[in-house]
Amino acid sequence: MGFIEKIFGTHSERELKYIYPVVDKIEAMRDEMMALTDEELKDKTRQFKERLSKGETLDDLLPEAFAVVREGARRALGMEHYRVQLIGGIVLHQGRIAEMKTGEGKTLVSTLPAYLNALTGEGVLIVTVNDYLAHRDAEWMGKVHEFLGLSVGVVLNSNTPEERQKAYRCDITYVTNNELGFDYLRDNMAIYKEQLVLRDLKYCIIDEVDSVLIDEARTPLIISGQGNKSTRLYEACDILARQLKRGSGDGELSKMDAIMGNEIEEDGDFIVNEKDKIVNLTAEGVSKVERFFNIENLADPENLEIQHNIILALRAHNLMFRDQDYVVKDDQVLIVDEFTGRIMPGRRFSDGLHQAIEAKEHVKVKRESKTLATITFQNFFNKFEKKAGMTGTALTEEKEFREIYNLDVIEIPTNKPIARVDYDDAVYKTRRGKLNAVVNEVVRAHEKGQPVLVGTITIEASEEVSALLKKRGVPHKVLNAKFHEMEAEIVAEAGRHGAVTIATNMAGRGTDIKLDEEAIAAGGLKIIGTERHESRRIDNQLRGRAGRQGDVGESRFYISLEDDLMRLFGSERLISMFQALGVSEDEQIEHKMLSSAIEKAQKKIETNHYGIRKNLLEYDQVMNEQREIIYAERRKVLNGDNMRNSIYKMLTDFVDNSVDSCISDEVPAAEWDYEALNELIIPVIPLGSYIKPSNDIKKKDQLKQVIKEKAVKLYEDKEAEFLEPEHIRELERIILLKVIDRKWMVSVFRLMDREIRLWNIR
């Protein structure tokens, strides 16, 4: 803590001083609310709506409304909000992020601001990270809202458009971030107003806000259509990639090499830079590609597609790993979220990378899709008039929340003091030595009945630890993307006496790990991290699974000098020094310099990831400005506005632009380029005959007027063919929407060419 914070307190502490008096008011109403009958308590909802209509604000209603929800939860669920939960609810209503430790009851907290803001009748969205949580919370917390007279809906991946529409019309709707984003894009591709499912984006509460707005913000949402490009090139490049030899270097020049003008001595056919996730062909590799495809020069423009696809194939084999970046299930390649360990349904790597991985894994290679609509989570959630979020870990990303989302983070005190003990990292020379130590520690804890949660970074690592525990005869459960359907059930039982659970990253977030009495007596939940994650926040999430509501517990991370984090981002000099000490692989190394090196490596990667997300947002801003205009125009057409005047204007503007592009005022009428003018106008306005020179037309404006009159006459004749005027209006509306979408798609392709490289960096 800095000098200023020691004197004046942290930002959170200063802000909480203004909130405490409001909480005092809420708690003071407890007896009054308890004295009401069920019907009298429910009638408060009607009274609040009436008071809003007479000019009171939500802030005016807040103390009494929160007191009503608190009493409603006590009656409907047998749960009464703690003081700290009331604080969290106020922070969420204010449009901020409430950082509340794991087990502090964030799900119950959301009922407070959701109820208050739903009183406006404009709808509240509660955004969760998966279907299970959306369904669970709608059923569980929905009882409070329904008891108080509000309607509750839930949107799941399996819902039909009609079911979605009905759910979004409810006062409070639970939905995942992916479904919400895709529904927004689909709404802006609708042909009929009746197909729209969403209401205006007024207020949303985002659960696990760091997962949604930080982790998933590196990959945009994309709705794709079937392309017509052959998949054979992917398969051919995959065959070649298996034959090429990887070079020993990483393609990076040191600072001294760059200063001295030294060049890297290449070996092999390609070089892999793991830090930046880049693959480059060597001169020998280029020659082999040219021979394989029987081409003279790989760098020629006509060979760019081959060049692009062979790099994709090499990336698929050397930088994208099964059971880490993706899983193969039911003859499909499914992306695994690197931060949560969950499968990301409906998402595909872009720019052909997904097809390259499909070829690598010998599953059906789907045709490369064409983008129909796309948006980043940053731009999507910034469309809400008010948004808020809650999570156990947000402070490490506070700068990003402020700069990109205009959200500040308020740290909420815990209901009970944290009793968990966080031990220093245990560092080992080799990965094998580290895993031996992990297994030995799990065995010791299991023998005394202490429950253990082992956190791994990849599916592969979780299965490796599982195999080692099987050899030692330790019964356990594994939770990773392959078994995500059982996520909640496995996590809920992780606090039982003697339970051993292995989980990738933070799979199971949103589900409390409750300890039984024997587990508490044995020392509480023991957290073992088998590797440091690239993000300190993910490590903190794992640690936070123990110590719920003042429970005892402990945590420790086990690290080796061979871990990717240390190998790629740690100090080479420091690692070389420890490697040279001659310690055995089973001996634990402890040194402050190592702890410092680990934190620096994590900060370095966090900064890099933040840069990627910021660049993605900056590139998408260009598209977003156009997106706003296009979607606004689309909505006018969709809402059934009479487009007759707009079409008249389009006709006359087209004539003006065509004439201006072919004819100059300075050129005599006898020399006007009628051939070029006809080539422009006739394909768009079929006048029946070519525009020809006339002695009556000497000025450009005269020519424009003559053509406009013919065009308007043609339009009116076509209009007269329809017995019912609304029929041509409907036809115009549909055609306009189709044209807008087609032109917008072309624009998206052009803009995405510049962005696609950023989107593929993971």
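These numbers were taken from a predicted model, which means no experiment stands behind them.
Between the Asn303 side chain and the Ala299 main chain, no donor and acceptor come within less than 3.5 Å of each other. For the pair Asn382 (side chain) and Ile404 (backbone), a donor-acceptor distance under 3.5 Å is present. Distance alone, capped at 3.5 Å, is enough to place a donor-acceptor pair between the Asp131 side chain and the Asn157 backbone. Side-chain atoms of Thr456 never come within 3.5 Å of backbone atoms of Ala461 as a donor-acceptor pair (strictly under, hydrogens ignored). Side chain of Arg315 to main chain of Val279: no donor-acceptor pair is present (N/O by atom type, distance under 3.5 Å, no hydrogens or angles). In this structure, Arg242 contributes its side chain and Cys237 its backbone to no donor-acceptor pair below 3.5 Å. Looking only at distances, no side-chain donor or acceptor of Ser466 sits under 3.5 Å from a matching main-chain atom of Ser462. Listed for the Thr391 side chain is no donor-acceptor partner under 3.5 Å among the backbone atoms of Ala394. Of the possible donor and acceptor atoms, one in the side chain of Arg634 sits under 3.5 Å from a partner among the backbone N and O of Ala190. One N or O on the side chain of Gln195 and one on the backbone of Ile191 form a donor-acceptor pair closer than 3.5 Å.
Looking only at side-chain heavy atoms (C-beta outward), Leu221 and Phe377 come within less than 4.5 Å of each other. The shortest distance between side-chain heavy atoms of Lys387 and Ile97 does not fall below 4.5 Å. Within the 4.5 Å cutoff, no side-chain heavy atoms of Val155 are placed close to those of Leu180. Taking 4.5 Å as the limit, every side-chain heavy atom of Phe293 sits out of range of all side-chain heavy atoms of Leu298. No side-chain heavy atom of Ile335 sits less than 4.5 Å from a side-chain heavy atom of Asp325. With a 4.5 Å cut-off on side-chain heavy atoms, Leu680 and Ser661 count as touching. At a threshold of 4.5 Å between non-hydrogen side-chain atoms, the residues Lys366 and Thr231 do not count as touching. When side chains are defined from C-beta on, Phe321 does not count as touching Val336, because their heavy atoms never get closer than 4.5 Å.
Around atom CD of Glu302, more than 12 heavy atoms belonging to other residues, nucleotides or ligands sit under 6.0 Å away. More than 12 heavy atoms of other residues, nucleotides or ligands shown are found within 6.0 angstrom of CD on Gln243. Heavy-atom neighbours of Lys738 NZ from other residues, nucleotides or ligands within 6.0 Å: at or below the threshold of 12. Within a 6.0 Å sphere centred on CD of Glu460, other residues, nucleotides and ligands contribute 12 heavy atoms or fewer. The number of heavy-atom neighbours closer than 6.0 Å to CG of Asn406, taken from other residues, nucleotides and ligands shown, is 12 or below. Counting heavy atoms of neighbouring residues, nucleotides and ligands inside a 6.0 Å radius, atom CZ of Arg402 exceeds 12 of them. Other residues, nucleotides and ligands contribute only 12 or fewer heavy atoms inside 6.0 Å of the CZ atom of Arg232.
For the atom pair Ile311 CD1 and Leu353 CG, the distance stands at 12.0 Å (nearest 0.5 Å). For the atom pair CD of Glu361 and CE of Met320, the computed distance is 11.0 Å after rounding to the nearest 0.5 Å. Note that CG of Asn273 and CD1 of Ile278 are 5.5 Å apart. Values are rounded to the nearest 0.5 Å. Here CG of Asn624 is found 7.0 Å from OG1 of Thr376. Values are rounded to the nearest 0.5 Å. In this structure, CG on Leu281 lies 6.0 Å from CG on Leu314, to the nearest 0.5 angstrom. Taken to the nearest 0.5 Å, the CG atom of Leu198 stands 4.5 Å off from the CG atom of Asp187.
Donor-acceptor pairing under 3.5 Å is lacking for the side chains of Gln355 and Asn309. Side-chain atoms of Asp183 and Tyr168 form a donor-acceptor pair, as typed in the model, at a separation below 3.5 Å. For the residue pair Thr393 and Asp210, a side-chain donor N or O sits within less than 3.5 Å of a side-chain acceptor on the partner. A donor-acceptor contact under 3.5 angstrom links the side chains of Asn297 and Asp300, judged on distance only. His317 and Asp238 are linked by a side-chain donor-acceptor pair at a separation below 3.5 angstrom, with hydrogens and angles left out of the test. Counting only N and O atoms by type, the side chains of Glu400 and Tyr405 include no donor and acceptor under 3.5 Å apart.
Residues Ile271 and Gly247 come closest through the heavy atom pair CD1-CA, 4.0 Å. Across Lys383 and Asn379, no two heavy atoms sit closer than the pair CG-O, 3.2 Å. Val129 and Ser211 get closest at one heavy-atom pair: CG1-OG, 4.0 Å. Across Val212 and Glu216, no two heavy atoms sit closer than the pair O-CB, 3.8 Å. Closest heavy-atom contact between Leu244 and Phe270: O-CE2, 3.7 Å. Closest approach of Ala373 to Met189, counting heavy atoms only: CB-SD, 3.9 Å.
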Derivation and outcome, side chain to side chain donor-acceptor pair (under 3.5 Å), residues Tyr610 and Glu403: CA-CA 11 Å; Tyr610 173 49; Glu403 290 187 2; 2.3 Å; yes
One pair to check against side chain to side chain donor-acceptor pair (under 3.5 Å): Asp539 and Gln602. What are the steps and the verdict? CA-CA 10 Å; Asp539 289 343; Gln602 288 178 309; 2.7 Å; yes
Walk me through whether Asp267 and Ser248 qualify under side chain to side chain donor-acceptor pair (under 3.5 Å). CA-CA 7 Å; Asp267 65 328; Ser248 57; 3.0 Å; yes
Side chain to side chain contact (heavy atoms under 4.5 Å, CB included), that's the test. Do Thr430 and Leu561 meet it? Break it down for me. CA-CA 6 Å; Thr430 66; Leu561 300 182; over 6 Å; no
Quick one: do Arg291 and Glu284 satisfy salt bridge (charged side-chain N to carboxylate O under 4.0 Å, His left out)? Show the steps, please. CA-CA 11 Å; Arg291 288 197 296 273; Glu284 180 58 31; 3.8 Å; yes
For Tyr558 and Glu531, what are the C-alpha separation, side-chain angles and deciding distance, and is it a side chain to side chain donor-acceptor pair (under 3.5 Å)? CA-CA 6 Å; Tyr558 289 75; Glu531 201 169 330; over 6 Å; no
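Using a cutoff of 4.0 Å between basic side-chain nitrogens and carboxylate oxygens, Glu633 and Lys636 are scored as salt-bridged. Taking 4.0 Å as the cut-off between side-chain N and carboxylate O, Asp563 and Arg532 do not count as a salt-bridged pair. The pair Arg246-Asp269 does not count as a salt bridge, with every side-chain nitrogen at least 4.0 angstrom from each carboxylate oxygen. Residues Glu464 and Arg431 are paired through a salt bridge, judged by an N-O separation under 4.0 Å between the basic side chain and the carboxylate. Using a 4.0 Å cut-off between charged nitrogen and carboxylate oxygen, Asp215 and Arg537 count as a salt-bridge pair. With respect to Lys364 and Glu358, no salt bridge is recorded, no charged nitrogen being found less than 4.0 Å from a carboxylate O. Look at Glu562 and Lys434 and you find no salt bridge, because none of the NZ, NE, NH1 or NH2 atoms lies under 4.0 Å from a carboxylate O.
Ring centers of Tyr184 and Phe380: under 6.0 Å apart, within the cut-off.
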